[in-house]
Amino acid sequence: MTLEIVKPGLATTVQDLGRPGYFHLGIPEGGAMDRLALTAANMLVGNEDGAACLEAVFMGPEVKFGADMTVAVTGAELPVMLDGAPRDTWTSFRVKAGQVLSFGFLKEGARIYIAVSGGIDTPPALGSRSTYAIGALGGFEGRPVAAGDVIPVGKAMEGSDGRSVPQALRRRPGKPAVLRVLPGLYWHRLTEKSQNAFFDDDWTVAPEADRMGYRFRGGQQMEFVAREQPFGAGSDPSNIVDGCYSYGSIQVPGGLEPIVLHRDAVSGGGYFTLGAVISADMDLIGQLQPNAPVKFERVDMDQALSARKVRKETIEQIRQALL
Amino acid sequence: MSNIQSPLPGTFYHQASPEEPPFKSAGDAVAVGDVIGLIEVMKTFIQVTAEEPGTFEKYAVQNAAPVTAGDVVAELK
């Protein structure tokens, strides 16, 4: 079974839940920017949680189905059409061979996940089908899909029509989006005034935000505690002697615009990181458009761990709702 | 009269680069597929093209203005 890309959209890629275990070698985890939405899409069509889907950002692709299958689109509110007739998001529907899936203008959020029963069946690379485009790894030939690509789809049982994720379980960022942050290793490098300002200031998503990192602007220039820069750290006070970066870590080059490292980020470098967005809130970043308003909220480790638990529970609630 | 909408959110530009003239000026003929402007997002520039023919009337947003998906960026007669 296959599906054919008629129009590719902006940067539509094959993604699953990623390839953990290679970050220390500089290969990022990759995978869906909104993992909850990808998981829900798979549940809707009867796939395993981590089956590969198409991730599209800001604008949808046009896709022609090569066989009958069950389809679901989750994540952003991007109007879904099958042969021009509207279909609901977060809801499974049957398609026939030859039918065409297309999309309207984005209403809310940033990324959609298109799941098909059987999952996208491109060859796994290092245990994952996720596309890491700068590394030309995984997905469809290691790159975003292009017009004319014929994408393999796995075999599946006939999925069921009209299953829908309840509204309350469709997690999405608020306005402003509130991203919870755990201060980290280099937090002490900021003056108390800048530490407070980071949480008090109103930020917006900068247009440069992508799968590697989300950049934010609009807050005050950060000030650093004076020190004699250690050997190898350079003269800019936002620099350190190189260190490891975690998924979600927040670097602030020049103390001006924070960048939250996301699924396709580099694994280390010479910028101080003031802390990290907690894992439970990384899905929300994947749904932020340029210019979206954002507030950072300080949490401690206990709060971060309980938020992680709540997110896992939400995924289980979706599973239960679809039984 | 028809409107040209931005297909995605980002920053809308009237010109290919700051030194070049706008893609279209009032009275210019517009053919299907003509480039009307550029949207910058995620470090890439995406062309906004006309899907219907017409005569260019005006840009509906300023150069370098932030836009969201579906915003009208130009008007045709």
Side-chain angles (χ1 to χ4, degrees), chain A residues 7-13 33 55-62 75-80 102-112 133-134 143-144 146 173 175 177 204-215 217-218 257 259 262-265 285-293, chain B residues 1-20 22-24 30-54 56-77:
Chain A
K7 287 184 188 169
L10 173 57
T12 304
T13 51
M33 292 285 284
E55 176 185 273
V57 58
F58 304 141
M59 60 191 291
E62 208 172 290
E77 281 308 307
L78 189 68
V80 181
S102 64
F103 296 90
F105 289 121
L106 183 65
K107 286 182 175 164
E108 201 188 324
R111 287 177 174 80
I112 54 162
I134 357 172
R143 58 167 170 82
K175 284 186 187 129
T204 58
V205 176
E208 298 88 350
D210 61 17
R211 288 187 48 84
M212 282 156 269
Y214 256 65
R215 185 187 282 258
R217 62 188 182 195
E257 296 184 337
I259 299 169
H262 220 296
R263 301 303 303 182
D264 285 354
I285 295 180
Q287 294 300 349
L288 295 177
Q289 290 184 16
N291 307 309
Chain B
M1 191 186 120
S2 67
N3 293 329
I4 295 177
Q5 290 170 284
S6 175
L8 73 180
T11 307
F12 181 74
Y13 294 99
H14 298 184
Q15 305 136 270
S17 73
E19 299 78 36
E20 288 181 53
F23 287 103
K24 295 287 177 188
V30 175
V32 174
D34 277 6
V35 178
I36 302 296
L38 298 175
I39 299 284
E40 182 186 14
V41 71
M42 297 198 307
K43 300 174 190 165
T44 45
F45 290 91
I46 293 98
Q47 293 180 338
V48 180
T49 55
E51 294 189 355
E52 289 174 54
F56 190 82
E57 191 167 358
K58 63 172 182 179
Y59 285 106
V61 296
Q62 298 259 315
N63 187 44
V67 294
T68 61
D71 279 1
V72 173
V73 293
E75 294 172 12
L76 304 186
K77 271 193 286 209

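These numbers come from a predicted model, not from an experiment. Protein chains get the first letters and strands the later ones, always in sequence-line order, with residue 1 at the start of each. The figures that follow rest on heavy atoms only: side chains count, while hydrogens, waters and symmetry mates do not.
Remark: Q47(B) CD is loosely packed, at most 12 non-hydrogen atoms of other residues, nucleotides or ligands lying under 6.0 Å away. Counting non-hydrogen atoms of other residues, nucleotides and ligands closer than 6.0 Å to CD of E20(B) gives a total above 12. Few gaps surround CD on Q15(B); more than 12 heavy atoms of other groups in view lie less than 6.0 Å from it.
Counting heavy atoms from C-beta on, the side chains of V41(B) and L10(A) come closer than 4.5 Å. Taking the side chain as every heavy atom from C-beta outward, N291(A) and P9(B) never approach each other to under 4.5 Å.
In this structure, I46(B) CD1 and F58(A) CZ are separated by 9.0 Å, a value rounded to the nearest 0.5 Å. Once rounded to the nearest 0.5 Å, the distance linking OG1 of T11(B) with CD of E208(A) reads 8.5 Å. The line from CD1 of I39(B) to CE of M59(A) is 10.0 Å long, rounded to the nearest 0.5 Å. Of the inter-residue distances, the one linking M42(B) atom CE with R215(A) atom CZ reads 15.0 Å to the nearest 0.5 angstrom.
For chain B, the nearby part of Q289(A) is the side chain; its heavy atoms alone come within less than 4.5 Å.
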